[in-house]
Amino acid sequence: MISRQSPFTGFRLRAVSLAVLGAALATPALAQWAPGAYIGANVGRTTADFDGAPATTPPTALTLTGEDDREIGYKLYGGYQFHRNFAVEGGFYDLGRFDYTYSGAAGTISGNTRYRGLNLDLVGRLPFGERFAAFGRIGAAYTQARANVTTTGLIAGGGSRRESDLGAKFGLGLEYAFTPNLAVRAEWERYHRVEDPVRGRGHIDMASLGLVYRFGAPAVVPVRVVAPPP
(Lines give C-alpha, C1' and ligand atoms only; values in the text may rest on other atoms or scores of the structure.)
Protein backbone atom coordinates (compact mmCIF):
# COMPACT_ATOMS: atom_id res chain seq x y z
CA MET A 1 0.00 0.00 0.00
CA ILE A 2 1.33 3.45 -0.90
CA SER A 3 1.18 5.98 1.96
CA ARG A 4 -0.04 9.35 0.74
CA GLN A 5 1.50 12.44 2.53
CA SER A 6 -0.94 15.15 3.51
CA PRO A 7 -0.41 18.51 1.73
CA PHE A 8 -0.68 20.18 5.17
CA THR A 9 2.39 18.21 6.33
CA GLY A 10 4.46 19.57 3.42
CA PHE A 11 3.26 23.07 4.18
CA ARG A 12 4.31 22.71 7.83
CA LEU A 13 7.77 21.48 6.82
CA ARG A 14 8.31 24.39 4.47
CA ALA A 15 7.13 26.87 7.11
CA VAL A 16 9.48 25.43 9.76
CA SER A 17 12.41 25.46 7.33
CA LEU A 18 11.81 29.08 6.31
CA ALA A 19 11.49 30.19 9.94
CA VAL A 20 14.75 28.49 10.92
CA LEU A 21 16.55 29.92 7.88
CA GLY A 22 15.27 33.41 8.68
CA ALA A 23 16.42 33.16 12.30
CA ALA A 24 19.88 31.94 11.26
CA LEU A 25 20.28 34.83 8.79
CA ALA A 26 19.05 37.43 11.27
CA THR A 27 21.19 36.31 14.24
CA PRO A 28 24.54 37.84 13.11
CA ALA A 29 23.02 41.27 12.45
CA LEU A 30 21.21 41.34 15.81
CA ALA A 31 24.31 40.12 17.64
CA GLN A 32 26.40 43.03 16.34
CA TRP A 33 24.09 45.59 17.95
CA ALA A 34 23.11 43.66 21.07
CA PRO A 35 23.36 45.50 24.44
CA GLY A 36 26.68 45.00 26.24
CA ALA A 37 30.10 46.41 27.10
CA TYR A 38 32.91 47.18 24.66
CA ILE A 39 36.43 48.61 24.54
CA GLY A 40 38.36 50.28 21.75
CA ALA A 41 41.39 52.27 20.61
CA ASN A 42 41.78 54.89 17.85
CA VAL A 43 44.78 56.68 16.35
CA GLY A 44 44.79 59.50 13.84
CA ARG A 45 45.64 63.04 12.78
CA THR A 46 44.91 66.01 15.05
CA THR A 47 44.69 69.66 13.98
CA ALA A 48 44.82 72.60 16.40
CA ASP A 49 43.28 76.05 15.89
CA PHE A 50 44.32 78.74 18.39
CA ASP A 51 44.01 82.31 17.12
CA GLY A 52 44.83 84.22 20.29
CA ALA A 53 48.27 85.79 20.77
CA PRO A 54 50.08 85.30 24.10
CA ALA A 55 49.78 87.92 26.83
CA THR A 56 53.28 89.09 27.75
CA THR A 57 55.03 91.00 30.49
CA PRO A 58 55.71 93.77 29.60
CA PRO A 59 52.75 94.01 27.18
CA THR A 60 53.89 93.96 23.55
CA ALA A 61 52.39 93.25 20.17
CA LEU A 62 53.30 89.81 18.84
CA THR A 63 53.01 88.14 15.46
CA LEU A 64 52.82 84.40 14.84
CA THR A 65 56.02 83.51 12.97
CA GLY A 66 56.05 79.71 13.25
CA GLU A 67 53.52 77.02 14.03
CA ASP A 68 53.13 73.26 13.83
CA ASP A 69 49.37 72.76 14.01
CA ARG A 70 49.22 69.08 12.96
CA GLU A 71 50.07 66.12 15.16
CA ILE A 72 49.33 62.44 15.83
CA GLY A 73 46.81 61.67 18.56
CA TYR A 74 45.15 58.63 20.05
CA LYS A 75 42.39 57.62 22.44
CA LEU A 76 41.50 54.60 24.56
CA TYR A 77 37.88 54.11 25.53
CA GLY A 78 35.23 51.81 26.90
CA GLY A 79 31.49 51.93 26.73
CA TYR A 80 28.19 50.23 27.31
CA GLN A 81 25.49 49.94 24.68
CA PHE A 82 22.24 49.96 26.64
CA HIS A 83 19.96 50.18 23.59
CA ARG A 84 20.17 49.29 19.91
CA ASN A 85 20.55 53.00 19.13
CA PHE A 86 22.29 54.42 22.21
CA ALA A 87 25.51 53.90 24.18
CA VAL A 88 27.48 55.75 26.84
CA GLU A 89 31.24 55.96 26.34
CA GLY A 90 34.19 57.28 28.35
CA GLY A 91 37.93 57.28 27.85
CA PHE A 92 41.38 58.85 27.85
CA TYR A 93 42.81 60.87 24.95
CA ASP A 94 46.15 62.36 23.94
CA LEU A 95 45.84 64.96 21.19
CA GLY A 96 49.57 65.45 20.68
CA ARG A 97 52.11 68.25 21.22
CA PHE A 98 51.98 71.44 19.16
CA ASP A 99 54.85 73.95 18.65
CA TYR A 100 54.57 77.72 18.11
CA THR A 101 56.69 80.88 17.97
CA TYR A 102 55.60 84.54 18.33
CA SER A 103 57.85 87.53 17.66
CA GLY A 104 57.62 91.22 18.52
CA ALA A 105 59.70 94.33 19.05
CA ALA A 106 60.44 93.37 22.68
CA GLY A 107 61.53 89.78 21.92
CA THR A 108 60.10 86.34 21.17
CA ILE A 109 58.08 83.72 22.95
CA SER A 110 58.15 80.13 21.75
CA GLY A 111 57.05 76.84 23.17
CA ASN A 112 55.04 73.67 22.85
CA THR A 113 51.84 72.48 24.50
CA ARG A 114 50.58 68.92 24.96
CA TYR A 115 46.87 68.18 25.42
CA ARG A 116 45.56 65.15 27.33
CA GLY A 117 42.34 64.45 29.13
CA LEU A 118 39.24 62.41 29.95
CA ASN A 119 35.88 62.41 28.22
CA LEU A 120 32.34 61.12 28.73
CA ASP A 121 30.01 60.94 25.70
CA LEU A 122 26.50 59.88 24.76
CA VAL A 123 26.68 57.99 21.44
CA GLY A 124 23.70 57.70 19.11
CA ARG A 125 23.85 54.82 16.62
CA LEU A 126 21.96 54.08 13.40
CA PRO A 127 22.63 50.53 12.15
CA PHE A 128 21.93 49.87 8.46
CA GLY A 129 22.43 46.57 6.72
CA GLU A 130 23.95 43.64 8.57
CA ARG A 131 27.39 45.13 9.29
CA PHE A 132 27.36 48.93 8.99
CA ALA A 133 26.32 51.61 11.46
CA ALA A 134 26.58 55.39 11.46
CA PHE A 135 26.99 57.17 14.79
CA GLY A 136 27.22 60.60 16.32
CA ARG A 137 28.45 61.68 19.73
CA ILE A 138 28.12 64.60 22.11
CA GLY A 139 29.71 64.94 25.51
CA ALA A 140 32.18 66.66 27.80
CA ALA A 141 36.00 66.63 27.73
CA TYR A 142 38.25 67.58 30.63
CA THR A 143 41.54 68.63 28.99
CA GLN A 144 44.85 69.33 30.71
CA ALA A 145 47.29 71.46 28.70
CA ARG A 146 50.98 71.49 29.68
CA ALA A 147 53.21 74.09 28.05
CA ASN A 148 56.98 74.58 28.03
CA VAL A 149 57.82 78.19 27.16
CA THR A 150 61.04 79.98 26.23
CA THR A 151 61.33 83.78 25.95
CA THR A 152 63.97 86.16 24.63
CA GLY A 153 64.62 89.90 24.89
CA LEU A 154 62.55 91.86 27.38
CA ILE A 155 59.71 89.32 27.50
CA ALA A 156 59.49 87.46 30.81
CA GLY A 157 57.55 84.35 31.79
CA GLY A 158 59.53 81.39 30.49
CA GLY A 159 59.23 77.93 32.03
CA SER A 160 56.41 75.43 32.48
CA ARG A 161 52.74 76.34 32.56
CA ARG A 162 49.63 74.25 33.08
CA GLU A 163 45.95 74.83 32.42
CA SER A 164 42.92 72.51 32.88
CA ASP A 165 39.39 73.15 31.70
CA LEU A 166 36.09 71.43 30.89
CA GLY A 167 34.78 71.82 27.36
CA ALA A 168 32.31 70.33 24.92
CA LYS A 169 33.06 67.45 22.56
CA PHE A 170 31.17 66.14 19.54
CA GLY A 171 31.76 64.00 16.47
CA LEU A 172 30.52 61.74 13.67
CA GLY A 173 31.63 58.34 12.41
CA LEU A 174 31.01 55.02 10.65
CA GLU A 175 31.49 51.50 11.98
CA TYR A 176 31.85 48.20 10.12
CA ALA A 177 31.55 44.87 11.96
CA PHE A 178 33.82 42.06 10.80
CA THR A 179 32.20 39.72 13.33
CA PRO A 180 29.64 40.17 16.14
CA ASN A 181 32.62 40.90 18.46
CA LEU A 182 35.09 42.89 16.31
CA ALA A 183 34.51 46.10 14.36
CA VAL A 184 36.50 48.93 12.76
CA ARG A 185 35.65 52.62 13.24
CA ALA A 186 36.41 55.75 11.24
CA GLU A 187 35.45 59.02 12.91
CA TRP A 188 35.93 62.76 13.21
CA GLU A 189 35.75 64.59 16.56
CA ARG A 190 36.08 68.15 17.78
CA TYR A 191 37.35 69.06 21.26
CA HIS A 192 35.78 72.48 21.69
CA ARG A 193 36.97 75.45 23.79
CA VAL A 194 40.26 73.89 24.88
CA GLU A 195 42.20 76.20 27.20
CA ASP A 196 45.87 76.75 26.33
CA PRO A 197 48.07 78.37 29.02
CA VAL A 198 49.86 80.49 26.38
CA ARG A 199 47.41 81.09 23.51
CA GLY A 200 44.02 81.16 25.24
CA ARG A 201 41.00 79.19 24.04
CA GLY A 202 40.76 77.22 20.80
CA HIS A 203 39.69 73.85 19.46
CA ILE A 204 41.37 70.64 18.31
CA ASP A 205 39.99 68.24 15.70
CA MET A 206 40.90 64.56 15.40
CA ALA A 207 40.24 62.28 12.41
CA SER A 208 41.00 58.72 13.45
CA LEU A 209 40.69 55.02 12.69
CA GLY A 210 40.35 52.29 15.32
CA LEU A 211 39.16 48.88 16.44
CA VAL A 212 36.29 48.03 18.78
CA TYR A 213 35.88 44.75 20.69
CA ARG A 214 32.44 43.87 22.06
CA PHE A 215 32.11 41.51 25.00
CA GLY A 216 29.53 38.78 25.21
CA ALA A 217 28.14 38.99 21.69
CA PRO A 218 25.94 35.90 21.23
CA ALA A 219 27.35 33.24 18.98
CA VAL A 220 25.50 31.85 16.02
CA VAL A 221 24.38 28.33 17.01
CA PRO A 222 23.51 25.86 14.27
CA VAL A 223 19.91 24.67 14.51
CA ARG A 224 19.01 21.07 13.74
CA VAL A 225 15.67 20.73 12.02
CA VAL A 226 13.71 17.59 12.89
CA ALA A 227 10.91 16.83 10.47
CA PRO A 228 7.59 15.87 12.08
CA PRO A 229 6.31 12.37 11.42
CA PRO A 230 3.97 12.05 8.47
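Only a predicted model underlies this, so the values are computations on that prediction, with no experimental measurement involved.
Cluster annotation: Tyr191 is not connected to Phe92 through the hydrophobic network of ILVMFWY side chains, with a link wherever side-chain heavy atoms come within less than 4.5 Å. With hydrophobic clusters built from ILVMFWY side chains whose heavy atoms lie under 4.5 angstrom apart, Ile204 does not share a cluster with Tyr142.
Going from atom CG of Asn42 over to atom CG of Leu76 covers 9.0 Å, rounded to the nearest 0.5 Å. For the atom pair Lys75 NZ and Glu89 CD, the distance stands at 5.5 Å (nearest 0.5 Å). From Leu126, atom CG reaches atom CZ of Phe135 across 12.0 Å, with rounding to the nearest 0.5 Å. Taking CG of Leu120 as the start and CG of Leu122 as the end, the distance is 9.0 Å to the nearest 0.5 Å. For the atom pair CD1 of Ile72 and CE of Met206, the computed distance is 10.5 Å after rounding to the nearest 0.5 Å. Interatomic distance, Thr63 OG1 to Tyr102 OH, rounded to the nearest 0.5 Å: 10.0 Å.
With Arg201 as the fixed residue, the salt bridge (Lys or Arg N to Asp or Glu O under 4.0 Å) test singles out one of Asp165, Asp196, Asp51: Asp165.
The backbone N or O of Val123 sits nowhere less than 3.5 Å from a side-chain atom of Arg137 that would complete a donor-acceptor pair. Put simply, the side chain of Thr46 gets close to the backbone of Leu95: a donor and an acceptor are under 3.5 Å apart. Side-chain N or O atoms of Thr65 include one that pairs as donor or acceptor with a backbone N or O of Thr101 at under 3.5 Å.
Taking the six-membered ring where tryptophan is involved, the planes of His83 and Phe86 are tilted, since the angle between them lies from 30° to 60°. Taking the six-membered ring for Trp and thresholds of 30 and 60 degrees, Phe178 and Tyr176 have ring planes more than 60 degrees apart, a perpendicular arrangement.
Geometrically, Arg199 does not engage Phe98 in a cation-pi contact defined by less than 6.0 Å to the ring centre and at most 45° from the axis. Geometric assessment of Arg214 against the ring of Tyr38 yields a positive cation-pi assignment under the 6.0 Å and 45° thresholds.
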Pair Asn148-Ser160, side chain to side chain contact (heavy atoms under 4.5 Å, CB included): steps then yes or no: CA-CA 5 Å; Asn148 295 308; Ser160 297; 3.1 Å; yes
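In this structure, Ala145 and Glu195 approach most closely via the heavy-atom pair CB-O, 3.5 Å. Here the closest non-hydrogen pair linking Gly216 and Asn181 is N-ND2, 4.3 Å. Scanning all heavy atoms of the two residues, the minimum distance from Thr143 to Tyr93 falls at OG1-OH, 2.6 Å. Among all heavy-atom pairs drawn from Thr113 and Pro197, the shortest one is CG2-CD, 4.2 Å.
Between Arg114 and Asp94 there is a salt bridge, with a side-chain nitrogen of the basic residue lying less than 4.0 Å from a carboxylate oxygen of the acidic one. With respect to Lys169 and Asp121, a salt bridge is recorded, a charged nitrogen being found less than 4.0 Å from a carboxylate O.
In this structure, His203 places its NE2 atom where more than 12 heavy-atom neighbours from other residues, nucleotides or ligands lie under 6.0 Å away. A 6.0 Å sphere centred on CZ of Arg185 holds more than 12 heavy atoms belonging to other residues, nucleotides or ligands.
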